[in-house]
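Letters A, B, ... mirror the listed sequences (proteins, then strands); counts begin at 1.
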Amino acid sequence: MSLAAGPGRGGGASAAQLPDELQLVVDKHVAYIQSLDTRRDELEYHLTEHLRISGIYWGLTALHLLGQPEALPREGLLDFVFSCLHENGGFGAAPGHDPHMLYTCSSVQILAMTDGFSDLEKRLPNGKMKIAKYIASLQQPNGTFAGDVWGETDSRFLFCGFLALSLLGMLPNQRPNEPPIIDLTAATDHIKACQNFDGAFGVAPGAESHSGQVYTCIGALTLAGELDSYLGEEGKDRLGAWLSERQLPSGGLNGRPEKLVDVCYSWWVMTSMAMIDRVHWIDQKKLTSFILQCQDPDHGGLADRPGDMVDVFHTCFGIAGLSLLRYPGLVEVDPAYCMPKPLVDNFLGRK
Amino acid sequence: MASHGVPRVSGAPDKSHQAREKERKQIEQYKDLERNVVEKIKAKDFSNTTLQLTGALLKQNPEYYTIWNYRRMILDDVFQKELDANKDAAQAEEGDAAAAEKAGLTLAQQEIVLLIKEDLQFLLPLLKQFPKCYWIWNHRLWLLTTATKHVPSHITLELWKGELGLVSKMLSLDSRNFHGWNYRRTTIQYLEDLSGKSMVEPEFEYTTKMIQSNLSNFSAWHNRGQLIPRLLTERQAGADERKKLLDDEFELITRALYTDPYDQSLWFYHQYLMSALDSHNPRGPSILASVSNGDRLEYLDREIDSIRDMLDGAEDCKYIYQALLDYSTRYLEVDAGNKKITTTEMKDWLDELRKIDPLREGRWNDLAGKLKL
Ligand SMILES: [Zn+2]
């Protein structure tokens with residue numbers, strides 16, 4: 001069971017031919033995601049194996065938000081996820097691929113969405129703790145996290161570590177009576193050092209603000225419970241202003257000043273705005289229409305921009321974006337976790 | 001990864017028999033190569049042949065991170081063997097030994113440098129073809145830091161200098177590539193550590209050059225801003241020199257803004273300079289020796305006037321109204337009883353903003369509430 005992450009097959013219509021009243025073609029998106037596993041006769045399927053487990057996370061999240069969580073068979077998903085698990089508690093992108101933070105995070109998210117943690121314990125006793133220890137082992141002396149043993153650091157990896165630990169119930173602030181397995185303060189100090197004068201964040205201290213990094217840093221501060229105390233209303237206004245300037249006349253959002261609009265950046269920018277209560281600072285109607293125009297109305301799936309090739313990555317973030325914009329009929333998404341909110345609430349015991 | 005900017009081709013997804021057959025063969029070859037590499041690594045065959053095979057696979061698929069890891073395992077193994085062998089000069093070819101001695105290296109170090117240079121060379125065409133691939137930049141950084149570990153600094157310094165040349169070339173092709181800018185900052189840091197010499201002055205010059213060739217390059221403005229506080233410290237600048245630099249920067253950005261007030265990048269740099277005077281912004285840079293309310297009023301006064309003048313001929317430029325509202329608010333905070341700024345005028349600016357920039361109507365509504373306009 002595995003979903004290709006590469007570009008989709010061509011569809012017929014160009015954006016200009018879409019009707020004025022755009023609709024989300026739910027059934028086609030479901031069928032598109034289901035079809036991804038049947039494309040082993042395409043070279044692209046094999047060339048994107050290094051993304052397989054994230055591909056499943058993207059597909060499954062989209063299906064959950066579309067209200068069809070059963071559209072992929074649970075047993076098949078779990079078998080695949082466990083086939084990527086290593087002795088050290090880390091997950092690779094596919095069987096035989098090396099363990100890495102990005103794929104460990106996707107795997108934990110899939111386990112959460114498939115209610116798979118009891119299956120994990122059956123296959124690997126004390127599995128949750130082993131995964132948590134793997135993640136904790138990647139924290140560096142300066143608080144940030146490496147992606148794997150080779151040592152590349154990036155605030156993405158820090159956020160992925162936080163997110164997975166939180167779903168495992170292993171963040172220090174979730175278990176105040178146990179010895180902490182990571183240094184939370186060092187990690188959040190590092191994030192704060194990545195912030196720039198414009199209120200936004202870069203990949204490392206001194207790096208230019210970038211909305212992908214804003215999402216990971218704001219998400220990490222949210223999970224650590226420090227967002228409000230750190231930013232305050234003034235900090236939120238400053239960051240919100242920078243984020244809201246990402247919206248261009250097409251309604252789509254870009255990742256940095258003077259860059260092209262993109263469905264994936266639309267999600268990262270908007271969800272960051274949701275975490276600081278500033279989504280109403282952009283034109284939500286126009287953004288909805290932009291995302292809908294990125295659909296392939298004939299064969300399902302969403303692309304980065306109208307008329308481009310679809311893929312499961314943009315399909316996930318496009319649908320998550322629509323959910324955040326309260327598009328009718330979609331399950332509500334949790335901004336920090338990019339997973340169905342009712343499920344995350346239930347999982348973390350939030351009301 | 002995810003596809004970006006690939007046009008959706010219309011028409012039936014059915015491929016001809018021939019095309020399908022061709023694709024089937026490509027898949028077979030790719031999978032064979034992959035199997036071959038994996039088997040060799042499992043058998044701990046860290047030979048040159050295996051290294052070449054990883055190269056062939058990575059050329060087809062530079063995103064395959066596990067194969068990059070394999071490549072590093074092989075290189076690590078070779079480096080270790082070289083270091084362990086502790087070859088004495090008698091056994092080596094005479095020419096090699098002489099060359100190593102001349103370069104101030106042991107034979108093992110000489111070999112390591114050669115291998116690292118070869119691998120840096122291997123990466124060049126890949127980097128040009130896939131300038132946004134994280135794993136390639138990452139592998140390059142690993143080669144350089146590994147060299148720094150094993151080889152004396154006069155040699156690594158040369159390697160890092162080569163990196164600075166490369167990254168300058170990359171940035172001249174795409175001046176916004178953020179991998180490139182991050183790599184540049186890392187390279188500079190290593191060069192400074194290894195040579196013990198600051199490069200803040202030439203780097204500052206570099207941003208001047210980049211901005212002159214394209215004003216609308218926020219990455220260059222950003223880096224410039226990052227360098228200023230350090231530059232001033234290293235110049236041991238006193239209060240006057242600091243003020244002079246800030247004034248010069250304001251002059252530079254103001255001239256640019258007069259050329260194109262619709263350029264967002266320029267306004268962000270203007271905001272950056274203004275944040276040096278803003279006590280509410282914890283991430284603002286420290287440029288002046290000290291900032292009194294008198295300094296704040298002086299700069300706010302001057303900048304508000306200058307921006308007001310920009311309106312002439314650019315009445316539809318939203319950034320001007322945003323700046324006027326922002327800086328006027330700060331002015332009122334310092335001096336509430338002034339006669340310079342009137343509520344009526346601020347209300348007018350906000351009305352203009354609502355008209356020109358309806359996308360962000362919610363933000364303007366909140367601002368109206370906050371400023372009680
Ligand atoms: Zn995208």
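Using a 4.5 Å cut-off between heavy atoms, N138(B) contacts chain A through its side chain alone, with no backbone atom that close. Only the side chain of H314(A) comes within contact range of chain B, with at least one heavy atom under 4.5 Å from a heavy atom of that chain. In this structure, no portion of W181(B) lies under 4.5 Å from any heavy atom of chain A. Interface remark: W137(B) contributes no atoms to any contact with chain A (heavy atom separation under 4.5 Å). Only the side chain of Y103(A) comes within contact range of chain B, with heavy atoms under 4.5 Å apart. Heavy atoms of N365(B) lying under 4.5 Å from chain A are absent altogether. For chain A, the nearby part of Y30(B) is the side chain; its heavy atoms alone come within less than 4.5 Å. Residue contact with chain A, scored on non-hydrogen atoms closer than 4.5 Å, involves the backbone and the side chain of M73(B) alike. The contact between L248(A) and chain B is made entirely by backbone atoms, counting heavy-atom distances below 4.5 Å. If you measure heavy-atom distances from N182(B) to chain A, the contacts under 4.5 Å come from the side chain alone. Only the side chain of Q226(B) comes within contact range of chain A, judged by heavy atoms closer than 4.5 Å. For a residue to count as touching a neighbouring chain, one of its non-hydrogen atoms must lie under 4.5 Å from one of that chain's; by this rule E152(A) touches chain B with backbone and side chain alike. Within the 4.5 angstrom heavy-atom criterion, only side-chain atoms of S275(B), from C-beta onward, approach chain A. At a 4.5 Å heavy-atom cutoff, A204(A) makes no contact with chain B through either its backbone or its side chain. Contacts between R360(B) and chain A at a heavy-atom distance below 4.5 Å involve backbone atoms as well as side-chain atoms. V149(A) does not touch chain B: none of its heavy atoms, backbone or side chain, sits under 4.5 Å away.
The candidate from H280(B), Q26(B), R24(B) with the greatest count of non-hydrogen atom pairs under 4.5 Å with chain A is H280(B). The candidate from G5(B), S216(B), G284(B) with the greatest count of non-hydrogen atom pairs under 4.5 Å with chain A is G5(B). When the candidates G151(A), S54(A), P99(A), A207(A) are compared by the number of heavy-atom contacts under 4.5 Å with chain B, A207(A) comes out ahead. Your options are R72(B), E361(B), R185(B), K318(B), and the one with the most heavy-atom pairs under 4.5 Å with chain A is R72(B). Counting heavy-atom pairs closer than 4.5 Å to chain A, the top-ranked of the candidates F218(B), F268(B), W364(B), W142(B) is F268(B). When each of R176(B), Q271(B), Q60(B), E34(B) is scored by its heavy-atom pairs under 4.5 Å with chain A, the top score falls to R176(B).
Classification of E23(B) and R20(B) as a salt-bridged pair fails, no side-chain N sitting under 4.0 Å from a carboxylate O. Under the 4.0 Å criterion applied to side-chain N and carboxylate O atoms, E226(A) and K192(A) are assigned as salt-bridge partners. Looking at D326(B) and R330(B), a side-chain N of the basic residue comes within less than 4.0 Å of a carboxylate O on the acidic one, giving a salt bridge. In this structure, R278(A) pairs ionically with D237(A), as a charged nitrogen and a carboxylate oxygen lie closer than 4.0 Å. In this structure, R363(B) pairs ionically with E245(A), as a charged nitrogen and a carboxylate oxygen lie closer than 4.0 Å.
Inter-residue side-chain proximity for V6(B) and D308(A) is flagged as unmet; no heavy-atom pair is nearer than 4.5 Å. I282(A) has its side chain within reach of M273(A): a pair of non-hydrogen atoms, C-beta onward, lies under 4.5 Å apart.
When the shell of 6.0 Å around NZ of K59(B) is examined, it contains 12 or fewer heavy atoms from other residues, nucleotides or ligands.
Judged by distance alone, the side chain of N69(B) and the main-chain N or O of D98(A) form no donor-acceptor pair under 3.5 Å.
A cation-pi arrangement is found for R224(B) relative to F204(B), the charged atom lying closer than 6.0 Å to the ring centre and inside a 45° cone about the ring normal. In this structure, R305(A) fails the cation-pi test against F290(A), since its NZ or CZ atom is not both closer than 6.0 Å to the six-membered ring centre and inside 45 degrees of the ring normal. Cation-pi check for R238(A) over F197(A) is not met; the charged atom does not lie both under 6.0 angstrom from the ring centroid and within 45 degrees of its normal.
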Report the C-alpha distance between H270(B) and Y319(B) in whole Å, list the side-chain angles of each, state the deciding distance to 0.1 Å, and finish with yes or no for ring-ring contact (aromatic ring centres under 6.0 Å, His included).
CA-CA 11 Å; H270(B) 195 272; Y319(B) 301 118; over 10 Å; no
